[in-house]
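Working notes for the structure below.
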Amino acid sequence: MKPTIRPIKGTRDFYPAEMAFRTWLYGKMRAASQRFGYQEYEAPMLETLELYAAKSGEELVKEQSFVFTDRGGDTITLRPELTPSLARMVAQKQRELPKPIRWWSFGPFWRYERPQKGRTREFFQWNIDLLGVDSAYADAELVAVLVEFFRSVGLSAAQVVIKVNNRKLMEAQIKALGLETDKIDGIYKLIDKLDKLPTDKWRAYGRDDIGLSAAQIDQLSGLLNNRDLWQQSSELTAFFNAINDLGVSDYVEFDPAIIRGLAYYTGVVFEARECSGSFRAICGGGRYDNLVADVGGEPLGGMGFAMGDVVIGLVLEEYGLRPALRPIPTEALVTIFDATLIGTSARIAATLRSAGLNTELFPEAAKLDRQLKYANTQSIPVVIIIGPDEAAAGKATVRDLRSGQQQVVGQDQLVNVVRAVVSGQ
RNA sequence: GUGCCUGUAGCUCAAUGGUAGAGUACUGGACUGUGGAUCCAGUUGUUGCGGGUUCGACCCCCGUCAGGCACCCCA
């Protein structure tokens with residue numbers, strides 16, 4: 001049996017087990033966000049293409065967005081990221097929004113690329129941003145939220161690391177090397193490739209594609225190996241001081257090779273990675289001081305990051321940190337002994353539901369054996385049996401499938417007994 | 001868009017160019033008022049699809065579709 005209608009490439013079907021994990025993840029993101037006082041919001045999933053033009057990065061907009069023309073002739077994009085929408089929403093109500101703005105969101109995004117490990121065409125992403133405060137503590141706060149999240153899902157500083165750099169520092173250092181400013185995008189690209197290419201290939205790329213001399217490449221290489229370079233940046237020294245105060249320094253390190261791809265970052269940039277390096281970045285973020293003005297608002301700086309659901313899911317899987325979730329909410333199953341007792345069972349199920357118990361009624365009279373097997377495979381903890389004996393005596397059997405123990409009780413006490421057994425008392 | 005790899009039962013995978021199999025899952029029974037464990041039995045296939053080579057193709061060749069991985073980019 002093969003479905004004649006295929007799902008769209010790069011999309012995922014969330015069967016109940018996967019949906020339970022997604023909901024769990026969403027809850028962890030919500031909890032970390034709320035711990036720091038952030039408010040949930042949502043933006044449209046459809047935006048005009050021009051919102052992203054020249055602000056997100058050429059490739060992302062021109063090659064990796066789902067774009068279509070609507071019936072009115074407008075060019076519409078399925079959102080590939082959230083930050084431009086956030087900037088637009090802030091710019092629209094800039095005067096009336098109290099500062100600082102602390103907002104977070106979790107929702108679907110689309111990018112048209114070849115699916116592979118950690119990458120799908122439709123994915124879910126946690127976004128969290130702080131706007132209106134330009135300080136080292138603001139930058140550090142977002143990292144602290146991220147650490148709060150990592151701790152809450154059980155990821156230790158030995159398993160994940162947050163690598164931080166600052167674009168202003170790198171820009172100044174590159175200028176100090178006497179390199180032309182118009183080559184800076186290419187140099188950022190070269191830096192980004194440092195740990196992706198072997199040394200000789202990396203040098204060849206810098207020479208042939210970016211147009212650097214051997215001496216310039218040597219100097220750049222020196223910069224990228226200088227783990228103390230952050231000490232030359234007042235922003236980074238203040239940042240690492242704040243990281244200390246916020247109690248998250250064990251997760252954070254300076255890495256001069258972190259640049260990030262998005263064009264709108266202006267200051268601190270960071271990403272989180274699994275320590276063995278066998279996964280893509282878990283999240284990425286940074287400071288963007290021009291974006292709100294770019295979409296028509298008054299200048300307002302911001303700082304934020306985004307985490308996709310796919311890579312973090314793989315990392316949690318790798319460390320055995322995906323919780324055993326039970327997608328079935330049912331607390332009690334009312335069995336149907338035979339056709340003559342359907343009404344009795346249905347009335348008892350209704351009573352249990354009225355009392356607030358999640359109650360499933362077996363859909364037909366069947367062998368008890370089958371009904372109990374069903375409850376067992378679905379991990380339903382409690383089963384109610386009303387056979388001819390119980391019915392005649394106005395009683396019901398309550399069986400705890402976890403312990404295997406059962407008791408016969410009067411139907412007038414059933415709610416209290418079931419409630420007690422379900423809660424394990 | 002480029003490259004490499006893989007398509008066999010619902011799932012995970014076997015099968016020197018010579019009769020398509022196992023585990024698991026599922027269904028039934030042992031057990032006609034009781035799940036998990038054990039045992040027994042049974043069902044499951046256009047070997048992705050279309051050509052070609054061959055006496056004979058799951059196996060070799062070509063094409064095609066689908067999936068995976070890497071590049072690109074990035075969550």
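Chain A is the first sequence line, chain B the second, and so forth, proteins listed ahead of strands; every chain is numbered from 1. Only this structure's heavy atoms are used, side chains among them; waters, hydrogens and symmetry mates stay out.
Between A/L372 atom CG and B/A37 atom P there is a gap of 14 Å when expressed in whole angstrom units. The distance between atom CZ of A/R114 and atom P of B/C74, rounded to the nearest whole Å, is 18 Å. Summarising the geometry, the separation between CZ on A/F66 and C1' on B/C73 is reported as 14 Å, rounded to the nearest angstrom. To the nearest angstrom, P of B/G35 lies 10 Å from CD of A/Q406. Across the protein-nucleic acid pair, A/R370 atom CZ and B/G33 atom C1' stand 16 Å apart, rounded to whole Å. The nearest whole Å value for the distance from the CG atom in A/L190 to the P atom in B/C72 is 12 Å. Spacing between atom CG of A/N127 and atom C1' of B/C74 amounts to 13 Å, rounded to whole angstrom units. Taking atom CZ of residue A/F279 and atom C1' of nucleotide B/C69, one finds them 14 Å apart after rounding to whole Å.
Side-chain contact check for A/R280 and A/Q116: at least one donor-acceptor pair (N or O, by modelled atom type) lies under 3.5 Å. Under the 3.5 Å distance criterion, with hydrogens and angles disregarded, a donor-acceptor pair is assigned to the side chains of A/E274 and A/S276. A donor and an acceptor atom, one from each side chain of A/Q378 and A/N376, are nowhere located under 3.5 Å apart.
Counting non-hydrogen atoms under 4.0 angstrom, A/I282 reaches the backbone sugars and phosphates but no base. Looking at heavy-atom distances under 4.0 Å, A/A375 makes no contact with the nucleic acid at all. Nucleic acid contact class of A/D389 (heavy atoms, under 4.0 Å, all strands): base. A/F337 comes within contact range of at least one nucleobase, with a heavy-atom separation under 4.0 Å. When heavy atoms are screened at a 4.0 angstrom cut-off, A/T83 is found touching no nucleic acid atom at all. When heavy atoms are screened at a 4.0 angstrom cut-off, A/E390 is found touching base atoms of the nucleic acid.
A donor and an acceptor atom sit less than 3.5 Å apart, one in the side chain of A/R119 and one in the base of B/C74.
Using a 4.0 Å cut-off between charged side-chain N and carboxylate O, A/D309 and A/R12 make a salt bridge. Ionic pairing of A/R111 and A/E81 is not present here: no N-O contact between side-chain nitrogen and carboxylate oxygen is shorter than 4.0 angstrom. Ion pairing between A/D129 and A/R102 fails under the 4.0 Å rule for side-chain N and carboxylate O.
Using atom P as the reference point in both B/G68 and B/U12, the two lie 13 Å apart (nearest Å). Remark: the separation of the C1' atoms in B/G45 and B/C5 is 25 Å, to the nearest Å. Of the C1' atoms belonging to B/C11 and B/A57, the separation is 27 Å, rounded to the nearest Å. A gap of 12 Å separates the C1' atoms of B/G23 and B/A9, to the nearest Å. One C1' atom belongs to B/A14, the other to B/U24, and the distance between them is 14 Å to the nearest Å. Using C1' as the reference atom, B/C73 and B/A15 are 42 Å apart when rounded to the nearest Å. Atom C1' of B/G36 sits at a distance of 34 Å from the matching atom of B/A20, rounded to the whole Å. For the P atom pair drawn from B/C58 and B/U47, the interatomic distance equals 8 Å after rounding to whole Å.
Across every non-hydrogen atom of A/W126 and A/M29, the tightest pair is CB-SD, 3.4 Å. For the residue pair A/P256 and A/N226, the shortest heavy atom distance occurs at CG-O, 3.9 Å.
In terms of position on RNA chain B, the residue among A/Y374 and A/C283 whose nearest nucleotide sits closer to the 5' end is A/Y374. Mapped onto RNA chain B by nearest heavy atom, A/D309 and A/I8 fall at different nucleotides, with A/I8 at the one closer to the 5' end.
Residue A/K373 places none of its side-chain N or O atoms closer than 4.0 Å to OP1 or OP2 of B/A37. For B/C71, the OP1/OP2 oxygens have no side-chain nitrogen or oxygen of A/K117 closer than 4.0 Å. Between A/K9 and B/G67 there is a side-chain N or O to OP1 or OP2 distance below 4.0 Å. Side-chain N/O atoms of A/Q116 include one lying less than 4.0 angstrom from OP1 or OP2 on B/A70. Taking 4.0 angstrom as the limit, A/K189 places a side-chain polar atom (N or O) nearer than this to OP1 or OP2 of B/C73.
Of the candidate nucleotides B/G29, B/U34, B/C73, B/G29 has the atom lying nearest to any side-chain atom of A/K367. Here B/G35 is the nucleotide among B/G35, B/G33, B/C73 with the atom lying nearest to any side-chain atom of A/N376.
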Check your understanding: Pairing of RNA chain B as dot-bracket, 5' to 3': ( ) intra-strand, [ ] crossing, | other strand, . unpaired, with Watson-Crick or G-U pairs under 3.5 Å?
Key -> (((((((..((((....[..)))).(((((.......))))).....(((((..]....))))))))))))....

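Aromatic ring pairs are classed by plane angle as parallel below 30°, tilted from 30° to 60° and perpendicular above 60°; the pair A/F254 and A/W230 is tilted.
Applying the side chain to side chain donor-acceptor pair (under 3.5 Å) test to A/R402 and every residue at least two apart in sequence or in another chain returns A/D400.
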